[in-house]
Amino acid sequence: AAIAWVRENAQRLGIDPDKIAASGGSAGGHLAACTGTITGFGSDERPNAMILFNAATTLAPIGDWKFENPKMEPGIDRLGVKGHVISPAHHIGAHTPPALLLHGTKDETVPYDSVVAFDKEMKKANRPCKLVGYEGADHAFFNRPEYLSKTIAEADAFLVGLGWLKEDNAVTGGTTPKPATPTMPPKPAETPTVPADAVFSGYDKNSDGKVTAAELPNPQAFSRFDTN
């Protein structure tokens with residue numbers, strides 16, 4: 001429904017309704033992967049691409065793959081249904097958009113080999129898919145500075161490949177974007193000045209609009225204000 005809303009309001013949002021990517025990490029990555037795989041959605045509810053960070057894409061055995069540790073396989077008590085029902089890998093088809101998978105090889109929350117299984121199923125279905133494994137990285141690795149720029153660069157390259165992003169606007173080579181030009185701190189507010197007329201008006205004893213030296217308590221101290 002969220003994707004359908006974005007697509008319906010594309011003109012108001014200033015976006016291309018045919019260039020909507022679903023992205024997320026871990027459980028959010030599972031949700032994003034579901035939008036591009038699980039059947040029962042309308043075409044307006046599907047993204048045009050998926051960018052998945054250590055996503056839970058394979059929740060049940062498939063093909064020659066199964067959980068190395070059976071305790072890692074989520075059951076009905078956790079999911080509410082059998083794993084294959086909401087497992088993105090089990091629902092890949094012609095409707096599935098291109099996908100980029102970014103995953104740490106030492107992920108102990110979402111095993112790396114589970115996303116390898118998803119990648120294999122995508123290729124079986126002849127769907128575009130790229131898996132990038134980060135050697136030694138664990139779960140949620142992409143949030144850390146040493147990986148953030150690298151994963152952003154991969155995401156940008158993926159979008160360039162789809163023709164969504166111009167190469168000269170993409171982050172390349174795992175480098176971080178140039179920092180914003182520092183702004184100078186605002187100048188302190190100037191102390192407001194009070195016009196001399198306002199200062200001396202209280203000494204206008206005869207209310208003629210003029211203050212004479214005779215009306216001042218110390219004429220010599222204020223002689224510098226006598227401009228004529």
Side-chain angles (χ1 to χ4, degrees), residues 3 19-41 43 45-76 78-143 147 150-164 174:
I3 293 175
K19 294 180 180 178
I20 297 175
S23 183
S26 195
H30 169 254
L31 181 60
C34 283
T35 63
T37 55
I38 301 293
T39 56
F41 294 110
S43 60
E45 296 177 284
R46 292 202 181 282
N48 304 103
M50 301 183 296
I51 300 176
L52 310 175
F53 299 83
N54 50 242
T57 59
T58 314
L59 304 181
I62 187 170
D64 59 359
W65 181 84
K66 63 180 180 180
F67 285 92
E68 184 176 342
N69 180 357
K71 293 182 179 180
M72 291 286 290
E73 183 175 349
I76 294 178
R78 180 179 177 184
L79 302 177
V81 295
K82 291 184 176 180
H84 72 274
V85 176
I86 57 172
S87 173
H90 291 70
H91 299 274
I92 293 170
H95 60 278
T96 304
L100 172 65
L101 313 173
L102 306 169
H103 215 97
T105 62
K106 296 299 182 182
D107 193 327
E108 296 183 358
T109 303
V110 180
Y112 181 72
D113 58 359
S114 69
V115 78
V116 171
F118 180 90
D119 180 55
K120 185 181 293 186
E121 294 300 315
M122 285 286 282
K123 288 177 169 54
K124 281 184 183 178
N126 199 31
R127 303 307 302 146
C129 186
K130 181 180 181 181
L131 169 59
V132 181
Y134 292 83
E135 190 64 37
D138 57 9
H139 198 62
F141 72 100
F142 62 92
N143 289 310
Y147 291 110
K150 295 178 181 178
T151 53
I152 289 176
E154 286 290 350
D156 277 9
F158 176 66
L159 297 176
V160 169
L162 293 177
W164 293 16

Calculate, to the nearest 0.5 Å, the distance between atoms CZ and OG1 belonging to Phe118 and Thr37 respectively.
6.0 Å

Quick one: pull up CG in Leu79 and CD1 in Ile86 and give me the separation to the nearest 0.5 Å.
4.5 Å

Please report the closest heavy-atom contact between Gly24 and Ala32, naming both atoms and the distance.
N-CB, 4.1 Å

Has the side chain of His91 got a donor or acceptor atom that lies under 3.5 Å from a matching backbone atom of Val85?
yes

Separation between NZ (Lys124) and CD1 (Ile92), nearest 0.5 Å, reads 10.0 Å

Distance col, row Thr35:OG1 vs Arg46:CZ, nearest 0.5 angstrom, shows 7.5 Å

Which donor-acceptor pairs under 3.5 Å do side chains of residues 68-75 form with protein atoms, sequence neighbours excluded?
| from | atom 1 | to | atom 2 | distance (Å) |
| --- | --- | --- | --- | --- |
| Asn69 | OD1 | Lys71 | N | 3.0 |

Other residues, nucleotides and ligands only: do more than 12 of their heavy atoms fall within 6.0 Å of CD on Glu108?
no

Heavy-atom closest pair (Pro97 atom, Gly36 atom, distance to 0.1 Å) is CD-O, 3.3 Å

Answer yes or no: is there a donor N or O on one side and an acceptor on the other, between the side chain of Asn54 and the main chain of Ala140, under 3.5 Å?
yes

All heavy atoms of Phe141 vs all of Gly104, minimum pair found to be CE2-N, 3.5 Å

Show the numbers, then the answer: is there a side chain to side chain contact (heavy atoms under 4.5 Å, CB included) between Leu102 and Phe142?
CA-CA 8 Å; Leu102 306 169; Phe142 62 92; over 6 Å; no

With rounding to the nearest 0.5 angstrom, report the NZ to CG distance, Lys120 to Leu131.
12.0 Å

What pair of heavy atoms forms the shortest contact from Ile62 to Ala89, and how long is it?
CD1-O, 3.5 Å

Donor-acceptor contact below 3.5 Å, side chain Asp138 vs main chain Lys106:
no

Quick one: does Arg127's side chain have a donor or acceptor within less than 3.5 Å of a partner on Pro98's backbone?
no

Polar side-chain atom of His84 near backbone of Leu59 as donor-acceptor pair, under 3.5 Å
no

Does any N or O in the side chain of Ser23 come within less than 3.5 Å of the main-chain N or O of Ile51, such that one atom is a donor and the other an acceptor?
yes

For the student: nearest non-hydrogen atoms of Ala49 and Phe158, plus distance
CB-CE2, 4.1 Å

As a quick check of understanding, evaluate side chain to side chain contact (heavy atoms under 4.5 Å, CB included) for Leu162 and Lys19, giving each step before the final call.
CA-CA 9 Å; Leu162 293 177; Lys19 294 180 180 178; over 6 Å; no

Hey, what's the ring geometry for Tyr134 with Tyr147, parallel, tilted or perpendicular (30° and 60° as the breaks)?
perpendicular

Keeping the roles fixed (side chain from His103, backbone from Val116), state whether a donor-acceptor pair exists under 3.5 Å.
no

For Thr109 and Asp107, the nearest pair of non-hydrogen atoms, with its separation, is N-OD1, 2.8 Å

Is the backbone of Cys129 close enough, under 3.5 Å, to the side chain of Lys123 for a donor and an acceptor to pair up by distance?
yes

His90 side chain to Gly83 backbone, donor-acceptor under 3.5 Å:
no

Donor-acceptor pair, Thr58 side chain versus Val115 backbone, under 3.5 Å?
no

Output the distance between atom NZ (Lys66) and atom CG (Asp64), rounded to the nearest 0.5 Å.
10.5 Å

